[in-house]
Amino acid sequence: MNALTRAEVALVQASSDTEVTFRLDGREVTARPGESLLQVARREGIEIPHLCYKDGLDTAGNCRACMVEIDGERVLAPSCCRAPANGMTVHTDSERARRAQRMVLELLQSDMPETAYTRHSELDQWSARLEVGKPRFAPREAVPADLSHPAIAVNLDACIQCTRCVRACRDEQANDVIGLAFRGDHARIVFDMADPMGASTCVACGECVQACPTGALMPARNVALAVPDREVDSVCPYCGVGCQLTYHVKDNRILFVEGRDGPANHNRLCVKGRYGFDYAQHPHRLTVPLVRREGVAKSGDMVLDPDRVMEVFREATWEEALALAAGGLARIRDTLGGRALAGFGSAKGSNEEAYLFQKLVRTGFGSNNVDHCTRLCHASSVAALLEGIGSGAVSNPVMDVGKAEVVLLIGANPTVNHPVAATWIKNAVRNGTKLIVADPRRSDLSRFAHRFLQFQADTDVALLNAMMHVIVEEGLVDPEFIAARTSGYEALAANVAPYSPELMAPVCGIDAETIREVARLYATSKGSMILWGMGVSQHVHGTDNARCLIALALMTGQIGRPGTGLHPLRGQNNVQGASDAGLIPMMYPDYRRVDDPAANAAFEALWGMPLDKQPGLTVVEVMQAIEAGTVRGMYIMGENPAMSDPDAQHAREALAALDHLVVQDIFLTETACLADVVLPASAFPEKTGTFTNTDRTVQLGRQAIDPPGQARQDLWILCELAARLGLPWDYGHATRDAAPVALVFDEMRHAMPSIAGMTWARLQREHAVTYPCETEGDPGEPVIFTETFPTVGGRGRFVPADIIPAAERPDQEYPTVLITGRQLEHWHTGSMTRRAGVLDAIEPDPVALVHPLDLAALGGKPGDVVTLTSRRGQVMLYARADDGTPRGAVFVPFCYYEAAINKLTNPALDPFGKIPEFKYCAIRMTLGGAVPEQLSFGGGQILDSLTGALALPG
């Protein structure tokens, strides 16, 4: 089978940019611009067998199953890569065409294994439709299976070399792992340099599995042979990209997951979205309410082995647990006042859950002490955006990178944190977009970059002010935009005047000429877009960092158009929606300040009771208030501050000191171990609700499976607690299986003008709507700030920033910089992903990423145990050589309880966003130590039990 001939390539390229009319199987049809014969036939309901062709992939034309006959031409033509022409007459089912199609299918069938690897083999389906019988040809020599990878089984005896996997890996995901090697009958699919898949650089996105038409690449453990009871369309529970997916369910278990054509992913997924689903059925799931046994003390060091849970807790009925939970909170409220209570909601739950949680705290506790993980990720970005342009949301969707001439990516590692978004960036680069990557660490995207700026950690403002100095000095600003749509430019220009690239080069570590070149490139392109992550926000100067990015966009007019704008990449699946819904201590829903009299009056009228007019405490401030004795009780839903807070040991000791702690979660997390009452909740696939992704797109997630045991829907629990706190809520009949989602969403519409135009019926029908959508029928606005900003006067505001050093700098005792973050396979504090079999099998151990020369200087080697010590704590973990980490720094993911790196991080706060400085603190690294023994998460056991339950070969 050959690839496209030059003549065929020319035919594809010559495809008309206007409509053409031709005859297809005896009827006159019209081809749209750019359509091939195969695409026209499919649209017209005419079936032509095809195997190498797949929507979304470049055309290869190498399987030859789609041959058609064209009048007047001597040879048959592959319809997937042949463009129609006016007056052409095409036969898809003539005797000559059918004979060719059947011959190709029969030849391919002759090489298939006796037992299929999947029920969904497209080769088998086409063979059945064309009534291709048993092959007459001898099969090829058997090829042994490659089962070296935890996620993907490689069965090359079923490979037809259609190269769909190659194109999916190379062109869609741009990972460049899969290739077609050798020649003639020796040709075969290979991974990297013909390595076993498990030893290759494969990131297990599974795009190749989804593309494979025969089962040559399949989910491990043959789950694709099982017959699902049903398919449920939903969204991914992990990062803020918001990929749409389909759960394939059998006997209340998720068998496997496939990508769906959502606005943010167009069928693509990453390793977490595709393989990180089985945590929901993990044996550690909480299935009954738990109450702390009398006399069992709390300790900040408490992390329970699953086998010891009942030594600390006892089982309770729901009635007893709810009475104890609400009773303890009510006693503190009634004796000490509402400000003695605090609530942490979840960015992993739905918009409806976030809305009801903040409503419960504000109306049931009587204070604004409510927060969630946005305080630990993009609080400083939101503070700067609200201050500068009047909105904390992104201006343009991620997909706009494909319309930009220049993309500045700073302080973010999308290939790890937002993998599908990273694919769109890589696709854009290959189509001509110039990518500038600025980061203290060298990420995978740096190999795609036009310029990579590996600046010194903590010097963001120096670099960005130097860029603005160049733009001002060389007259590259957009004076018309500045005059018409901004204020404060003169003060900004004066502030950046001393920040010349020559003076800032030794500060930030980037040479002056490179700074000038990048500044010119950004300012002069027809469309420049900025994306940033927590490398920008998680500093004591995080708000200043974001102020500089906003100023860059405003002074050059690079905002308000497709392919421009500002996009802080959201970390968790619903951190945008939870923030929109008011899960913030100083903001009501839709970012209306609690100390604004008009906003306060509006919500008092909506909720029917007086509200506290004083902004509440943030995540870290709550811990300080516990220590000071002013906060005595807490309600935590789906958050794990014992792992995610800075100076985590201090946070654990604070939680242990509370008079009353209620935790609502799906596992006995490190935080739940410190609770007085634990309420078993619903996992993501067990609930229906809306979720808002990083693009401001509200999407519907649907329940696929039932909660285990006595676990309940989160909305049901919230309503039950509200009733016991004396709140007159009425959301209809809330039961375990019928939570009042639609009624809550309808109330949200009336509380939040930005989504007032969305209806529950529309979301069920369309699955996704982007806000602002203020009137029913509005299409939504993917690109905003096109004419004005939502500020008083409609102008964007320049806010100057100067260099502020990190709160803690390296010194002789602690000479190394610690940077924390996430890794590809694990998410947030690991409570879900470390209980997902595939994900835990790929990355089971706590690791520190160290520059090879720094590791060698210690006398160590990869795999050795190192001890990291800060002024606040100490952890031990395995060293991994990583030349992308700068010398003098160490990077550690914060998902490993046995090496909880946030025990070391600095709780110093940005004064505006109140976000901790996770991205910079001083540590000492020494060789040696003992990594604590892991708890038995048993990630692989759940996959093994699934295999056994389905009676499948392992």
Check whether any side-chain N or O of [X] sits under 3.5 Å from a backbone N or O of [Y] as a donor-acceptor pair, and report yes or no.
X      : Y      : value
Asn369 : Leu617 : yes
Arg333 : Gly364 : yes
Thr867 : Thr926 : no
Asn573 : Lys348 : yes
Asp811 : Tyr814 : yes
Lys272 : Leu824 : yes
Asp371 : Val619 : yes

Apply side chain to side chain donor-acceptor pair (under 3.5 Å) to the pair Glu627 and His650, showing each step before the final yes or no.
CA-CA 9 Å; Glu627 188 176 39; His650 175 266; 3.2 Å; yes
Check ion pair [X]-[Y] (N to O, under 4.0 angstrom):
X      : Y      : value
Arg339 : Asp612 : yes
Arg834 : Glu898 : yes
Glu720 : Arg712 : no
Glu352 : Lys687 : no
Asp590 : Arg592 : no

May I ask you to check whether [Y] and [X] place their ring centres under 6.0 Å from each other?
X      : Y      : answer
His539 : Phe918 : no
Tyr279 : Phe684 : no
His828 : Phe894 : yes
Trp729 : Trp607 : no

Is any side-chain heavy atom of [X] closer than 4.5 Å to a side-chain heavy atom of [Y]?
X      : Y      : value
Pro916 : Pro907 : no
Gln572 : Cys373 : yes
Ile636 : Gln664 : no
Val309 : Leu668 : yes

What's the separation between atom OG1 in Thr671 and atom CE in Met634, rounded to the nearest 0.5 Å?
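Answer rounded to 0.5 Å: 9.0 Å.
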Leu909 to Lys914 - nearest heavy-atom pair and separation:
CD2-O, 3.7 Å
Is a donor from one side chain sitting under 3.5 angstrom from an acceptor on the other, for [X] and [Y]?
X      : Y      : result
His284 : Arg835 : yes
Asn693 : Gln576 : no
Asn368 : Tyr588 : no
Asn545 : His541 : yes

Take Thr690 and Asn351, measure what side chain to side chain donor-acceptor pair (under 3.5 Å) needs, and give me the verdict at the end.
CA-CA 6 Å; Thr690 62; Asn351 289 323; 3.0 Å; yes
Please step through side chain to side chain contact (heavy atoms under 4.5 Å, CB included) for the pair Leu336 and Arg632, ending with a clear verdict.
CA-CA 9 Å; Leu336 300 176; Arg632 302 309 312 152; 3.5 Å; yes
Using the ring of each side chain (for Trp, its six-membered ring), is Phe357 parallel, tilted or perpendicular to Tyr635, with breaks at 30° and 60°?
tilted
Does Thr618 form a side chain to side chain donor-acceptor pair (under 3.5 Å) with Glu621? I'd like the steps, not just the answer.
CA-CA 5 Å; Thr618 65; Glu621 289 174 332; 3.1 Å; yes
